[in-house]
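Scroll down for the structure; my scribbles are underneath it.
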Amino acid sequence: MELVTPRLLLRQWRDSDLAPFAALNADPRVMEFFPSTLSREASDAMARRCGDLIAGRGWGLWAVALRETDRFIGMTGLHIPDAQLPCSPCVEIGWRLAFDYWGQGYAQEAAQAALRAAYERLQLPEIVSFTALPNRRSSALMARLGMRREAATFEHPALPPGHALRTHCLYRLTRAEWCAREGVTT
């Protein structure tokens, strides 16, 4: 499954995506709310795992490219978290774009396409998203996508107690809520 928006293509990963993906994963601005930047090896492994999951399921965290040039700018899509979370089992929506592409609406455009695929094609009942409390940019995007924030926070189990990014907020959007907002009959 590939997703097309007015400006973007969400597609399967290519070998040519590995170097720009490694560059964005090594950028401290992009990785500010992650435990650390990623080495080239860890970045390549993540991209290959994303590609393998798409090949196996037909959906996942897609490579995001500009439609006009096919230039890789990041990833966006759907993922089943490995960690045991308060919302597990669940499907999350996530995004990570190169810094030069922030503030241009690309993350929202790509995320809206992923939500449409989740609810129209895959018929998923709910999508969640979560982030470290200090990550106001991602929280704001979750709200713009129509997701509602849960009152309670949770401690992400992959981070040690006392870590500055351990406390996370959780957002949810059900298929019924999305259909009502989009004017789609269920």
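One-based numbering along the sequence shown. What you are looking at is a predicted structure, and each value in this text was computed from that prediction instead of being measured.
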Checklist entry - Nearest 0.5 Å, what's the CH2-CD distance between W178 and Q112? => result 10.0 Å
Next on the checklist: Could you tell me if the side chain of E177 sits less than 4.5 Å from the side chain of R148, heavy atoms only?
Outcome noted: yes
Item to check | Closest contact, heavy atoms only, S16 versus P20 | outcome: O-CD, 3.3 Å
Next on the checklist: Quick one, W13 with F21, criterion ring pair (Phe, Tyr, Trp, His ring centres under 6.0 Å). Give me CA distance, side-chain angles, the key distance, then yes/no.
Outcome noted: CA-CA 10 Å; W13 291 78; F21 189 56; 4.8 Å; yes
Checklist entry - Under a single-linkage definition using a 4.5 Å side-chain heavy-atom cutoff for Ile, Leu, Val, Met, Phe, Trp and Tyr, are I80 and V128 assigned to the same hydrophobic cluster? => result no
Checklist entry - Taking a hydrophobic cluster as the set of Ile, Leu, Val, Met, Phe, Trp and Tyr residues connected by side-chain heavy atoms closer than 4.5 Å, whether directly or through intermediates, do L159 and F33 fall within one such cluster? => result yes
Item to check | Closest heavy-atom pair and its distance - A107, L97 | outcome: N-CD1, 3.5 Å
Checklist entry - Closest heavy-atom contact between L133 and C169? => result CD2-CB, 3.7 Å
Item to check | Side chain proximity check, L78 to I127, heavy atoms < 4.5 angstrom | outcome: yes
Item to check | Aromatic ring pairing F154/F130, orientation class (parallel under 30°, perpendicular over 60°, tilted between) | outcome: perpendicular
Checklist entry - Among R149, R172, M142, whose side-chain contact (heavy atoms from CB on, under 4.5 Å) with S129 holds? => result M142
Checklist entry - What are the two closest non-hydrogen atoms of A47 and L18, and how far apart are they? => result CB-CD2, 3.5 Å
Next on the checklist: Does this structure show an ion pair linking E182 with R116, if we count only N-O contacts that are shorter than 4.0 Å?
Outcome noted: yes
Item to check | Whether over 12 other heavy atoms sit under 6.0 Å from R71 CZ | outcome: no
Item to check | Least distance between heavy atoms, F72 atom then A63 atom | outcome: CE1-CB, 3.8 Å
Item to check | Note, M1 side chain near R121 side chain (heavy atom, < 4.5 Å) | outcome: yes
Checklist entry - Can you tell me how far CG of N25 sits from OG of S36, rounded to the nearest 0.5 angstrom? => result 10.0 Å
Next on the checklist: I need the single residue from V64, T76, L8 that forms a side-chain contact (heavy atoms from CB on, under 4.5 Å) with Y106. Which is it?
Outcome noted: L8
Next on the checklist: Is it true that T5 and E109 share a donor-acceptor pair across their side chains at a distance under 3.5 Å?
Outcome noted: yes
Item to check | Note, D70 side chain near L9 side chain (heavy atom, < 4.5 Å) | outcome: yes
Item to check | Minimum side-chain heavy-atom gap M147-T174 below 4.5 Å | outcome: no
Item to check | same_hphob_cluster(L115, W59) at 4.5 Å side-chain heavy-atom cutoff | outcome: yes
Item to check | Distance in Å, E92 CD paired with H79 NE2, rounded so as to fall on 0.5 Å steps | outcome: 5.5 Å
Checklist entry - Passes salt bridge (charged side-chain N to carboxylate O under 4.0 Å, His left out), E68 versus R7? Steps please. => result CA-CA 7 Å; E68 286 188 11; R7 300 182 296 164; over 6 Å; no
Item to check | Straight-line distance of L124 CG to I93 CD1, nearest 0.5 Å | outcome: 11.0 Å
Checklist entry - Side-chain heavy atoms under 4.5 angstrom apart, residues restricted to Ile, Leu, Val, Met, Phe, Trp, Tyr: same cluster for W95 and L173? => result yes
Next on the checklist: Can you confirm whether Q123 is buried at CD, in the sense that more than 12 heavy atoms of other residues, nucleotides or ligands lie under 6.0 Å from that atom?
Outcome noted: yes
Next on the checklist: Do the side chains of D44 and R40 get close enough for a salt bridge, i.e. N-O under 4.0 angstrom?
Outcome noted: yes
Item to check | Distance in Å, R96 CZ paired with I73 CD1, rounded so as to fall on 0.5 Å steps | outcome: 14.0 Å
Next on the checklist: Nearest 0.5 Å, please: how far is CG in D100 from CZ in R29?
Outcome noted: 6.5 Å
Item to check | R175 to Y119, cation-pi by 6.0 Å centre distance and 45° axis angle | outcome: no
Checklist entry - Does L165 share a hydrophobic cluster with M31, counting links as ILVMFWY side-chain heavy atoms below 4.5 Å and allowing steps through other members? => result no
